[in-house]
Amino acid sequence: MILAIMSFSGQNNLLFPPDHYSTKWYGELVSDSAWSDAIKTSTGIAGLSTVLAVVIGIPTGLGLSRGLLGRITAVQALVATPLVLPVVSMAFGFYFVSAYLSILNTPFPLVLFQLGRSLPLVILTVIAADKGLDTVYERAARTLGASFSKTIRTIVLPLIAPGIVAGTVFAFIHSWGDVTGPIFLGSPRANPLPLQIWNSISFTLTPILAAATTFLSLGGLAVAGVVSVLYVLRRRRLSDSVVESAILRQESSK
């Protein structure tokens, strides 16, 4: 809240509370190519790594939850390893691997790094959601003739949607606000917003830093809010369709 108030300062230095207020720093955040490019880069890296984490994490989580491999303690520990290892150690390792592959001056190391850090979040939330799922719905669907793939698609995925939504939000926010990975793997062609804030602190302390930090925080909260609203609307629509089907069955029986 303090940073948000300071971001509306009409002065050229950080002061709380400001003597007068202005939105010029948010205008500069959009008009300055360095800051606007950093916002675009952060959005692209966080978005792509989150999509990959969801695409890979859902089938992996379901496989580990239902298969014998997921019961092995070593496999469970391996899945959670990226969350336990110091982020500096992972970033340092990614740096040398990226240098060896000659891809340092591209966004790919950052995408892969954020994917490696956020994938366990999706996998673990999917496993937790699937473990708490009542299998009676699946058995009923299979008994009525639904194939395995159709059962997963129409029964399991909607029922574990809360876990998928939570994992997606966690993965995006984790990638969106991370600064350690960009410090090691960032470049002029891949300069996300947290790295731009970090570099700017070394040269100047103006309210644009408060504006950028506020935008960074609000961006993560906005994604969480939008995803949550879409999930609630979908659940409401599914509930309405179930009620309508029940009413139609009652009317047809009469």
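Worth saying up front: this structure is predicted, and the values here are computed from it rather than measured.
The structure places CD1 of Ile58 at 7.5 Å from CG of Leu62, a figure rounded to the nearest 0.5 Å. Between the CG atom of Leu52 and the CG atom of Leu48 there is a distance of 4.5 Å, given to the nearest 0.5 Å. Atoms CG and CZ, on Asp37 and Arg189 in that order, are 13.0 Å from each other to the nearest 0.5 Å. Considering CD1 of Ile155 and CD1 of Ile160, their distance stands at 12.0 Å, rounded to 0.5 Å. Here the straight-line distance linking atom CZ of Phe108 with atom OG of Ser98 works out to 11.5 Å at 0.5 Å rounding. The OG1 atom of Thr125 sits 7.5 Å away from the CZ atom of Phe170 when rounded to the nearest 0.5 Å.
Counting all heavy atoms, side chain and backbone alike, Trp176 lies closest to Pro194 at O-CG, 3.5 Å. For the residue pair Ala190 and Pro107, the shortest heavy atom distance occurs at CB-CA, 3.9 Å. The heavy-atom pair separating Ala77 from Thr81 by the smallest distance is O-OG1, 2.7 Å. Nearest heavy atom pair, residue Gly186 against residue Leu195, reads CA-CD2, 3.9 Å.
Under the 3.5 Å distance criterion, the side-chain polar atoms of Ser65 are left unmatched by any main-chain donor or acceptor of Gly61. Using modelled atom types, one side-chain atom of Ser49 and one backbone atom of Ala46 make a donor-acceptor pair closer than 3.5 Å.
Between Ser175 and Ile45 there is no side-chain heavy-atom pair separated by less than 4.5 Å. Proximity of Trp35 to Leu193: side-chain heavy atoms (C-beta onward) are separated by under 4.5 Å at one or more points. Inter-residue side-chain proximity for Val75 and Leu64 is flagged as met; some heavy-atom pair is nearer than 4.5 Å. Side-chain contact check for Thr106 versus Ser187: every heavy-atom pair is 4.5 Å or farther apart. In this structure, the side chains of Leu104 and Leu185 come closer than 4.5 Å at one or more pairs of heavy atoms. Considering only heavy atoms from C-beta on, Val88 comes within 4.5 Å of Phe184 through its side chain. Counting only heavy atoms from C-beta outward, the side chains of Leu159 and Asp130 never approach each other to under 4.5 Å. Side-chain contact between Leu144 and Arg139: absent, with no pair of heavy atoms (C-beta onward) separated by less than 4.5 Å.
Residue pairs meeting the salt bridge (Lys or Arg N to Asp or Glu O under 4.0 Å) criterion with at least one partner in residues 81-106, sequence neighbours excluded, are absent.
Clustering ILVMFWY residues whenever any of their side-chain heavy atoms sit less than 4.5 angstrom apart, transitively, puts Val51 in a cluster other than the one holding Leu110. Under a hydrophobic-cluster definition in which Ile, Leu, Val, Met, Phe, Trp and Tyr are linked whenever side-chain heavy atoms come within less than 4.5 Å, directly or via other members, Val84 and Phe113 are assigned to different clusters. Hydrophobic clustering of Ile, Leu, Val, Met, Phe, Trp and Tyr side chains at less than 4.5 Å, counting indirect connections, keeps Val55 apart from Phe172.
Heavy atoms from other residues, nucleotides or ligands lying under 6.0 Å from OH of Tyr95 number 12 at most. Surrounding CZ of Phe94 are more than 12 heavy atoms belonging to other residues, nucleotides or ligands, all under 6.0 Å away.
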Pair up each side-chain donor or acceptor in residues 114-121 with any protein partner under 3.5 Å, not counting sequence neighbours, and list the distances.
| from | atom 1 | to | atom 2 | distance (Å) |
| --- | --- | --- | --- | --- |
| Gln114 | NE2 | Asp178 | OD2 | 3.0 |
| Arg117 | NH1 | Pro82 | O | 2.5 |
| Arg117 | NH1 | Leu85 | O | 3.4 |
| Ser118 | OG | Gln114 | O | 2.7 |

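Side-chain contact of Asn191 with Thr41: a donor-acceptor pair under 3.5 Å is absent, judged by distance alone.
Aromatic ring orientation, Phe96 versus Phe92: perpendicular (interplanar angle above 60°, classes split at 30° and 60°).
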Applying side-chain contact (heavy atoms from CB on, under 4.5 Å) to Val79 and Leu124, what does each step give before you reach the verdict? CA-CA 8 Å; Val79 171; Leu124 294 176; 4.1 Å; yes
